[in-house]
Enquirer: 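Encoded as structure tokens, here's the structure I'll be asking about.
Along the sequence shown, residues are numbered consecutively beginning with 1. Keep in mind that what you see is a predicted model, and the values were worked out from it rather than measured.
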Amino acid sequence: MGLLDILLGRTKPVAPDLDQLFALPSGAVTLEAAAGFRATGRGAVCFATVEGGAFEQTHREVQALLDADAERTGPPVELTQDAYGYSWLVSRRTPDQLSALVNDLHAVNSAMEVNGFGPQLLCSLAGFEDDGGRRLALVYLYKRGSFFPFAPLAGDGQRRDSSLELQVKSMLGNDLRIEQDLSRWFPVWGAPGL
């Protein structure tokens, strides 16, 4: 960043740091101790779909890599699309396998980045739930290198528990790089893996 950038108020974008995903298990311990939320074993990576053979080949390689895991219990990794046209690669593990889930999420992001599809990556999430059935996702913003909590309220409407999200923000500030710009805390309605 040069002097002209400083004078004009331009800032350098935050570089993606996929290693931040590996902080999720320690954040999960804090989340369970402080608020009673436990990992569900579900997570997903969201990306803008790209047409073409190279992208399709990358997707097949990633899916084959994750499905080849001999320790995987449950259904294989699956690709779905949401109502907004974004693609989600969903991984399911048992709730006690959060570290393996994080490895899955990291592998998907890394493979797409290495093959030149980093700009298509939007976010990754890991699902959590408490004894009362409240759901929570810790969402990693690829382009920001930070996390934010998303807590949808139960019911038919698209409402979120902003109070819970702010509580989680303060709980996890020492464990995860939390996105400080609240306008970037976008809702992920109907996200698979939540």
Side-chain angles (χ1 to χ4, degrees), residues 13 16-18 20-21 24 37 39-69 72-95 97-98 100-129 133-162 165 179 181 183-194:
D17 181 7
L18 291 176
Q20 291 296 317
L21 288 169
L24 266 173
F37 280 90
T40 62
R42 295 184 307 268
V45 176
C46 180
F47 52 93
T49 305
V50 177
E51 298 298 324
F55 183 78
E56 189 59 36
Q57 178 64 28
T58 299
H59 166 254
R60 280 195 303 271
E61 288 172 7
V62 167
Q63 190 149 7
L65 171 72
L66 297 180
D67 288 343
D69 184 354
R72 180 176 295 282
T73 57
V77 174
E78 66 178 305
L79 179 68
T80 64
Q81 271 200 323
D82 65 17
Y84 303 101
Y86 291 103
S87 296
W88 293 82
L89 195 61
V90 182
S91 179
R92 290 178 179 84
R93 297 286 186 156
T94 59
Q97 292 181 313
L98 182 58
L101 177 67
V102 167
N103 288 337
D104 291 350
L105 300 177
H106 189 276
V108 171
N109 281 287
S110 296
M112 291 188 67
E113 188 178 64
V114 165
N115 286 300
F117 297 108
Q120 277 67 40
L121 288 167
L122 301 175
C123 67
S124 299
L125 65 84
F128 294 83
E129 196 169 43
R134 292 187 303 171
R135 295 177 303 143
L136 173 74
L138 292 178
V139 182
Y140 174 75
L141 295 169
Y142 174 79
K143 291 175 177 71
R144 301 284 296 171
S146 58
F147 290 87
F148 71 88
F150 173 66
L153 287 169
D156 295 334
Q158 291 184 340
R159 297 178 305 131
R160 58 199 292 186
D161 189 343
S162 300
E165 291 174 359
E179 177 59 50
D181 183 355
S183 69
R184 296 189 184 269
W185 290 23
F186 57 85
V188 287
W189 303 119
L194 176 59

Enquirer: Ignoring hydrogens and geometry, is there a side-chain-to-backbone donor-acceptor pair from Thr40 to Glu129 under 3.5 Å?
Expert: no
Enquirer: Does Arg60, at its CZ atom, have more than 12 non-hydrogen atoms belonging to other residues, nucleotides or ligands within less than 6.0 Å?
Expert: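 Counting neighbours around CZ of Arg60, more than 12 heavy atoms of other residues, nucleotides or ligands fall under 6.0 Å, so yes.
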Enquirer: Is any side-chain heavy atom of Pro152 closer than 4.5 Å to a side-chain heavy atom of Arg160?
Expert: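 No; the side chains remain at least 4.5 Å from each other.
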Enquirer: With side chains defined as the heavy atoms from C-beta onward, is the minimum distance between Cys123 and Trp88 less than 4.5 Å?
Expert: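 Side chain of Cys123 against side chain of Trp88, heavy atoms only: contact under 4.5 Å found.
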Enquirer: What distance do Leu105 atom CG and Leu89 atom CG have between them, rounded to the nearest 0.5 Å?
Expert: 9.0 Å
Enquirer: Find the distance between SG (Cys46) and CG (Leu141) and round it off to the nearest 0.5 Å.
Expert: 11.0 Å
Enquirer: Quick check on side-chain contact (heavy atoms from CB on, under 4.5 Å): which of Val102, Val45, Leu21, Leu121 does Tyr140 satisfy it with?
Expert: Leu21
Enquirer: Taking Asp104 as the fixed residue, which of Gln97, Arg93, Arg92 is the one that meets the side-chain hydrogen bond (donor to acceptor under 3.5 Å, both in side chains) rule?
Expert: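 Going through the options one by one, the only one that passes is Arg93.
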Enquirer: What pair of heavy atoms forms the shortest contact from Thr49 to Gly85, and how long is it?
Expert: OG1-O, 4.0 Å
Enquirer: What is the minimum heavy-atom distance between Ala44 and Pro192, and which atoms define it?
Expert: CB-O, 3.3 Å
Enquirer: Nearest 0.5 Å, what's the CG-CG distance between Leu24 and Leu101?
Expert: 8.0 Å
Enquirer: Keeping the roles fixed (side chain from Trp185, backbone from Ser162), state whether a donor-acceptor pair exists under 3.5 Å.
Expert: no
Enquirer: What pair of heavy atoms forms the shortest contact from Ala39 to Pro95, and how long is it?
Expert: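 So the minimum-distance heavy-atom pair works out to O-CB, 3.3 Å.
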Enquirer: With a 4.5 Å cut-off on side-chain heavy atoms, are Phe148 and Glu165 touching?
Expert: no
Enquirer: With a 4.5 Å limit on heavy-atom distance, are the side chains of Ser124 and Val139 in contact?
Expert: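 Result no, sub-4.5 Å side-chain heavy-atom pair not found.
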Enquirer: Take a 6.0 Å sphere around CZ of Phe117 and say whether it holds more than 12 heavy atoms from other residues, nucleotides or ligands.
Expert: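 Yes.
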Enquirer: Could you walk me through whether Tyr86 and Leu122 pass the side-chain contact (heavy atoms from CB on, under 4.5 Å) check?
Expert: CA-CA 9 Å; Tyr86 291 103; Leu122 301 175; 3.1 Å; yes
Enquirer: Rounded at 0.5 Å granularity, tell me how far NZ in Lys143 sits from CZ in Arg184.
Expert: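 Those atoms lie 11.0 Å apart.
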Enquirer: Nearest 0.5 Å, what's the CZ-OH distance between Phe47 and Tyr142?
Expert: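 Result: 13.5 Å between the selected atoms.
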Enquirer: Any chance you could measure Met112, atom CE, to Glu61, atom CD, to the nearest 0.5 Å?
Expert: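 Between atom CE of Met112 and atom CD of Glu61 there are 12.0 Å.
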